[in-house]
Amino acid sequence: MSGLRIEELPDRLVVTLDRPEKRNAIDADLIGELHAVCAELETRPRLLLLTGGAEGVFAGGADIAQLRDRGRLDALAAINQAAFARIRALPMPSVAAVDGPALGGGAELAYACDLRVCTARAVFGQPEVRLGILAGAGATHRLPALVGETRAKELLFTGRRVDAEEALRIGLVNRMVAEPTQLLPAAHELIDEMAKASALALRLTKLAVDAPPAAHPQLDLVSQAVLFEDEEKRRRMTEFLDRRRSR
């Protein structure tokens with residue numbers, strides 16, 4: 001892959017955007033590579049850590065030169081939207097590690113992940129309306145879910161940028177670190193915490209949380225029924241009871 005660097009670990013895939021000369025702008029080739037990553041994680045479900053390789057930048061947005069020349073049929077093809085929706089629907093949780101700007105499509109890529117960790121110099125923003133378009137790759141529905149409708153509307157209507165401290169305060173990110181060198185360790189620490197869980201329980205929990213309201217409580221009951229019969233549940237609960245007895 002030319003736009004991504006990929007590191008495979010036993011329980012996770014670390015995917016790094018690698019277009020430093022373009023500030024990790026998201027073009028059609030990069031979208032194709034993200035689809036390939038999703039295909040791999042759909043076949044062999046693992047946790048995902050997504051980050052930007054360029055120093056001090058996550059993703060500066062969509063490639064404007066390509067975007068300018070796209071027409072209505074390109075919009076209807078959901079080029080970026082389909083890839084980001086696929087990331088959101090991955091079987092196992094994903095974490096975006098954001099250093100520096102995550103703007104436009106770059107911000108929407110971060111929103112597509114389940115959780116976000118950022119540095120103190122991270123910046124999020126949706127400048128699309130200033131370019132004569134809308135944030136069409138997920139921000140119009142993911143941002144309200146993250147920060148509330150009125151705040152999301154303000155950000156989408158004005159294109160105002162959100163710094164790291166505000167992002168943490170309004171719930172746009174889960175954790176913030178002071179220094180860029182702390183970013184990947186913090187993201188891996190968050191993934192380590194999830195990796196301690198039963199993989200099946202984690203997968204079904206994500207499925208339940210992401211399901212539409214109409215799917216509850218039936219989906220919860222069926223998922224719990226599957227887990228109650230899982231040998232991993234019995235092993236983990238037995239170990240818990242043994243530890244409690246030993247104390």
Side-chain angles (χ1 to χ4, degrees), residues 11-13 34-35 37-50 78 80-98 107-118 124 126 134-156 162 167-175 187 189-241:
D11 60 356
R12 73 199 66 176
L13 208 63
L34 288 172
H35 275 296
V37 167
C38 289
E40 168 67 18
L41 290 174
E42 289 160 356
T43 303
R44 295 178 55 217
R46 282 160 289 166
L47 295 154
L48 169 65
L49 171 54
L50 179 65
N80 289 9
Q81 185 185 91
F84 297 172
R86 199 171 177 184
I87 290 171
R88 181 66 175 191
L90 287 172
M92 296 288 280
S94 55
V95 175
V98 179
E108 290 176 300
L109 177 58
Y111 306 156
C113 293
D114 294 294
L115 305 174
R116 282 152 296 283
V117 178
C118 77
F124 299 86
Q126 302 298 155
L134 61 79
T140 57
H141 54 278
R142 293 197 181 99
L143 196 54
L146 289 169
V147 303
E149 180 182 336
T150 55
R151 183 174 279 116
K153 283 181 174 179
E154 177 203 342
L155 299 177
L156 291 165
V162 174
L168 182 63
R169 186 173 69 251
I170 66 178
L172 190 56
V173 301
N174 301 86
R175 299 181 184 181
E189 180 182 355
L190 184 55
I191 291 179
D192 289 342
E193 291 178 22
M194 291 187 283
K196 294 175 183 177
S198 154
L200 182 59
L202 196 60
R203 183 170 178 176
L204 290 178
T205 298
K206 177 178 176 178
L207 188 66
V209 171
D210 287 344
H216 301 280
Q218 290 82 0
L219 176 60
D220 306 297
L221 295 174
V222 172
S223 298
Q224 194 75 299
V226 170
L227 290 168
F228 273 13
E229 296 294 326
D230 186 36
E231 185 56 37
E232 178 79 359
K233 164 251 189 182
R234 182 171 295 277
R235 181 185 68 80
R236 285 173 175 265
M237 290 190 175
T238 300
E239 289 176 354
F240 172 84
L241 292 171

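In what follows, residues are counted from 1 in the order of the sequence shown.
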Starting at CG of Leu109, measure out to CG of Leu50 and round the result to the nearest 0.5 Å.
-> 5.0 Å
If every non-hydrogen atom of Lys206 is compared with every non-hydrogen atom of Leu90, which pair is closest and at what distance?
-> NZ-O, 2.8 Å
Identify the two heavy atoms, one from Val95 and one from Met194, that lie closest to each other, and give their separation to 0.1 Å.
-> CG2-CE, 3.7 Å
Shortest non-hydrogen contact from Cys113 toward Ile87 = SG-CG2, 4.4 Å
Start with the C-alpha distance between Arg235 and Glu232, add both sets of side-chain angles, then the distance that settles salt bridge (charged side-chain N to carboxylate O under 4.0 Å, His left out), and finish with yes or no.
-> CA-CA 5 Å; Arg235 181 185 68 80; Glu232 178 79 359; 2.8 Å; yes
Looking at side-chain heavy atoms only, is the closest gap between Phe124 and Val98 below 4.5 Å?
-> yes
Starting from the C-alpha separation in whole Å, work towards a yes-or-no answer on salt bridge (charged side-chain N to carboxylate O under 4.0 Å, His left out) for Glu193 and Arg175.
-> CA-CA 14 Å; Glu193 291 178 22; Arg175 299 181 184 181; 3.2 Å; yes
Minimum heavy-atom separation for Pro144 to Ala139, with atom names?
-> CD-O, 3.4 Å
Mark yes or no for whether Arg116, through its side chain, and Leu172, through its backbone, hold a donor-acceptor pair below 3.5 Å.
-> yes
Interatomic spacing from CD in Glu154 to CG in Leu143 - rounded to 0.5 Å | 10.5 Å
Any donor-acceptor N/O pair, Lys233 side chain to Ala201 backbone, under 3.5 Å | no
So which heavy atom on Ser198 is nearest to which on Asp230, and how close?
-> OG-OD2, 4.4 Å
Atom CZ of Arg236 with >12 non-hydrogen neighbours under 6.0 angstrom | yes
Check whether any side-chain N or O of Glu108 sits under 3.5 Å from a backbone N or O of Ala137 as a donor-acceptor pair, and report yes or no.
-> yes
To the nearest 0.5 Å, tell me how far Gln81 CD sits from Arg88 CZ.
-> 13.5 Å
Could you tell me whether the side chain of Arg12 reaches within less than 4.5 Å of the side chain of Asp192, counting heavy atoms only?
-> yes
More than 12 heavy atoms of other groups within 6.0 Å of Glu149 CD | no
Please answer whether the main-chain N or O of Val117 pairs with a side-chain N or O of Asn174 as donor and acceptor at a distance below 3.5 Å.
-> no
At what distance, to the nearest 0.5 angstrom, does OH of Tyr111 lie from CZ of Phe84?
-> 11.5 Å
So, for Asp114 and Ser94, which heavy atoms are closest and what is the spacing to 0.1 Å?
-> OD2-N, 2.9 Å
Rounded distance (nearest 0.5 Å) linking atom OG1 of Thr205 with atom CG of Leu227 = 7.0 Å
Could you walk me through whether Leu202 and Met92 pass side chain to side chain contact (heavy atoms under 4.5 Å, CB included), step by step?
-> CA-CA 7 Å; Leu202 196 60; Met92 296 288 280; 3.8 Å; yes
